[in-house]
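A quick note: this is a predicted structure, and the numbers were derived from the prediction, not measured.
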Amino acid sequence: MLERARRPAPLKRKTIAPYSHRWALVTGAARPEGLGYAFARQLAVEGMNLVLVDVLGEELQSRADELHSDFGIETRSVACDLGEPAPYDALEDGVGDIEVDVVVCNHMYTPTDTPAILDVPLETQSRMLDINARAYSNLVHRFGTAMRERGRGAIVIVASGVGLTSGPYNGVYAANKAFQIVLGETLWYELKGTGVDVLVVIGGLMNTQGDAFAKFPRLLVAEPEPVAREVLSALGRKHMVIPGIVNRTFVLAQTRLMSRRRTVSSIGRFLEKGLNKSG
C-alpha cells in the first residue's frame with residue numbers, strides 16, 4: 001500500500017486564486033500515484049473543491065475521502081466511463097447543482113503491451129479514440145460553453161510530446177495526443193478575451209505506471225507532483241507548457257533540431273529499447 005503523499009506547498013504564482021472555494025473537475029484521478037491525483041491535491045491546497053472523475057469507482061471514492069480529510073474541502077466522486085457516448089448521466093448528476101470553474105482533462109487509455117498499430121485490435125483502437133479524443137471534445141464542449149457564458153473559467157488539456165513527434169508502438173495514443181494539442185490550441189485562440197483560460201500540457205515520461213518505464217533512463221521520468229505544480233503555475237500565463245527542463249530539452253531537440261524523418265526514427269529506436277521491442 002502506498003504511503004500518503006506529503007502535503008504540496010501552495011503555488012507561488014497565484015494563478016488559481018480567482019477560483020479559490022469554487023469547484024474544479026479532474027478526470028483520471030483514481031490512482032494515488034497518478035498525475036490526476038497530483039493535480040487534485042495541488043488544487044485542494046489552493047482551496048478548491050473537487051469533483052473527481054474516473055472509471056475506477058472504489059479507488060476514486062478513496063481519493064475523494066483522502067482529499068476531504070487532508071484539506072477540509074468539499075469533494076465528489078463520479079464513477080463514469082468516458083468512453084461511452086455523451087451526455088454522461090453520472091457526471092451530470094454529480095455537477096448538476098454546482099458551477100465548475102476549472103476542468104483538468106487528464107484521463108487516458110492505452111494498451112499495456114504497446115503493440116504496433118496493425119496489431120492493435122480495431123475495437124481497442126476505437127475505444128482509445130472514444131476515451132482519449134472524443135471524450136476530450138465532449139468535456140470541453142460541455143464545460144467550456146458554460147464557462148464562456150459566465151465569462152470565467154479554465155481548461156487544462158493534458159497531452160504529450162508524442163503528439164508533436166509521433167510514437168512508434170504507441171501510434172494510436174500519439175495520434176490521440178496530436179488531436180488534443182490541436183483542439184486545445186484552437187480553443188485557446190478562440191476563447192481569448194472571454195475570461196476563459198486554456199492551457200495545453202506537453203507531458204513526457206512520468207512515474208505513474210509502476211515499473212513500466214524501468215528500462216528508460218531515470219533522468220527522463222518525471223514525478224507527478226512537480227509537473228502538476230509547474231502546469232498550474234502556468235495557467236493564464238501561457239497557452240502551452242512543457243513541464244520539466246529535461247522534457248523541454250527533449251522536445252526542443254525533436255521538433256526544432258531534427259528533420260521529421262530523423263525524429264520519428266530516433267524515437268522509434270528509443271522506444272524499442274525502452275519497451276523491450278525486437279526492432
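Inter-residue side-chain proximity for Y173 and M128 is flagged as met; some heavy-atom pair is nearer than 4.5 Å. Here the side chains of V55 and L82 are not in contact, with every heavy-atom distance at 4.5 Å or above. The shortest distance between side-chain heavy atoms of M240 and L199 does not fall below 4.5 Å. The closest side-chain heavy-atom distance from T165 to V264 is not below 4.5 Å. Under the 4.5 Å side-chain criterion, counting only non-hydrogen atoms from C-beta, F179 is not in contact with N132. Side-chain contact between I131 and Y136: absent, with no pair of heavy atoms (C-beta onward) separated by less than 4.5 Å. Residues W188 and V200 are not in side-chain contact: their nearest non-hydrogen atoms beyond the backbone lie 4.5 Å or more apart. You'll find the side chain of L43 reaches within 4.5 Å of the side chain of L232, heavy atoms only.
Of the possible donor and acceptor atoms, one in the side chain of Q125 sits under 3.5 Å from a partner among the backbone N and O of V120. A donor-acceptor pair is defined here as one N or O able to donate and one able to accept, closer than 3.5 Å; such a pair exists between the side chain of T75 and the backbone of A64. Side-chain N or O atoms of S259 include one that pairs as donor or acceptor with a backbone N or O of R262 at under 3.5 Å. At distances below 3.5 Å, not a single donor-acceptor pair connects side-chain atoms of N176 with backbone N or O atoms of T110. A donor-acceptor pair is defined here as one N or O able to donate and one able to accept, closer than 3.5 Å; no such pair exists between the side chain of D54 and the backbone of L60. Formation of a donor-acceptor pair under 3.5 Å by the T194 side chain with backbone atoms of L191 is found in this model. Under a 3.5 Å cut-off, the side chain of T263 and the backbone N or O of Q254 do form a donor-acceptor pair. Using modelled atom types, one side-chain atom of T27 and one backbone atom of H107 make a donor-acceptor pair closer than 3.5 Å. Remark: the backbone N or O of A24 is not paired with any side-chain donor or acceptor of Y19 at under 3.5 angstrom. Within the 3.5 Å criterion, the main-chain N or O of N207 finds no donor-acceptor partner in the side chain of E33.
Note: F270 and F250 meet the aromatic proximity criterion, with ring centroids under 6.0 Å apart. Taking the six-membered ring wherever Trp is involved, the centroid distance between the rings of Y189 and H239 does not fall below 6.0 Å.
Under 4.0 Å is where a charged nitrogen must lie from a carboxylate oxygen, and between R76 and D93 no such pair does. Using a cut-off of 4.0 Å between Lys/Arg side-chain N and Asp/Glu carboxylate O, R31 and E59 are scored as not salt-bridged. Between D81 and R127 there is a salt bridge, since at least one side-chain N of the basic residue sits less than 4.0 Å from a carboxylate O of the acidic one.
Under the 4.5 Å side-chain heavy-atom criterion for grouping Ile, Leu, Val, Met, Phe, Trp and Tyr, I155 is connected to V78 within one hydrophobic cluster. Criterion: ILVMFWY side-chain heavy atoms under 4.5 Å apart, direct or through other members. Under it, L220 and I245 are part of a common hydrophobic cluster. A continuous path of Ile, Leu, Val, Met, Phe, Trp and Tyr side chains, each step under 4.5 Å between heavy atoms, connects V26 with V241, placing both in one hydrophobic cluster. Hydrophobic clustering, with ILVMFWY side chains joined whenever heavy atoms are under 4.5 angstrom apart, keeps V140 apart from V156. Under the 4.5 Å side-chain heavy-atom criterion for grouping Ile, Leu, Val, Met, Phe, Trp and Tyr, L252 is not connected to V201 through any hydrophobic cluster.
The two residues A44 and L67 have their closest heavy-atom pair at CB-CD2, 4.3 Å. Nearest heavy atom pair, residue P168 against residue S166, reads CD-C, 4.1 Å. When every heavy atom of P243 is checked against every heavy atom of V231, the shortest pair comes out as CG-CG2, 4.3 Å. Smallest separation of non-hydrogen atoms from P8 and F71: CD-CZ, 4.0 Å. Residue A178 comes nearest to G163 through the heavy atom pair CB-O, 3.4 Å, listed as atom of the first residue, atom of the second, then distance. Between A79 and A90 the shortest heavy-atom distance is O-CB, 3.7 Å.
At a cut-off of 3.5 Å, with distance as the only test, a side-chain donor of E66 or Y37 sits close to an acceptor on the other residue. Judged purely by distance below 3.5 Å, without hydrogens or angles, the side chains of D65 and Q61 pair a donor atom with an acceptor atom.
Within 6.0 Å of NZ in K192 there are more than 12 heavy atoms belonging to other residues, nucleotides or ligands. With a 6.0 Å radius and a threshold of 12 heavy atoms from other residues, nucleotides or ligands, L257 has its CG atom above the threshold. The local environment of CZ in R13 is sparse, with at most 12 non-hydrogen atoms from other residues, nucleotides or ligands closer than 6.0 Å. The number of heavy-atom neighbours closer than 6.0 Å to CD of E58, taken from other residues, nucleotides and ligands shown, is 12 or below.
Separating the CG atom in D197 from the CE atom in M147 is a distance of 10.0 Å, to the nearest 0.5 Å. Here the NZ-CD1 distance, from K14 to I16, works out to 11.0 Å after rounding to the nearest 0.5 Å. The CG atom of L56 sits 12.0 Å away from the SG atom of C80 when rounded to the nearest 0.5 Å. Rounding to the nearest 0.5 Å gives a distance of 7.0 Å between CG of L129 and CZ of R134. Rounding to the nearest 0.5 Å places CD1 of I202 at 10.0 Å from CD1 of I157. Here OG1 of T145 is found 6.5 Å from CD of E149. Values are rounded to the nearest 0.5 Å.
Just one of V158, L25, L139 meets the side chain to side chain contact (heavy atoms under 4.5 Å, CB included) condition when paired with C105; it is L139. With respect to E230, the salt bridge (Lys or Arg N to Asp or Glu O under 4.0 Å) criterion is satisfied by exactly one of K12, R248, R237: R248. When each of R7, R6, R63, R41 is tested with D70 by the rule salt bridge (Lys or Arg N to Asp or Glu O under 4.0 Å), just one qualifies, namely R41.
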The test is salt bridge (charged side-chain N to carboxylate O under 4.0 Å, His left out); show your working for R152 and D101 and say whether it passes.
CA-CA 7 Å; R152 180 187 72 240; D101 281 320; 2.9 Å; yes
Run M48 and I73 through side-chain contact (heavy atoms from CB on, under 4.5 Å) and show every step you take.
CA-CA 7 Å; M48 293 208 71; I73 60 167; over 6 Å; no
Candidate pair V95 and R142, rule side-chain contact (heavy atoms from CB on, under 4.5 Å), full reasoning:
CA-CA 11 Å; V95 303; R142 163 64 176 84; 3.6 Å; yes
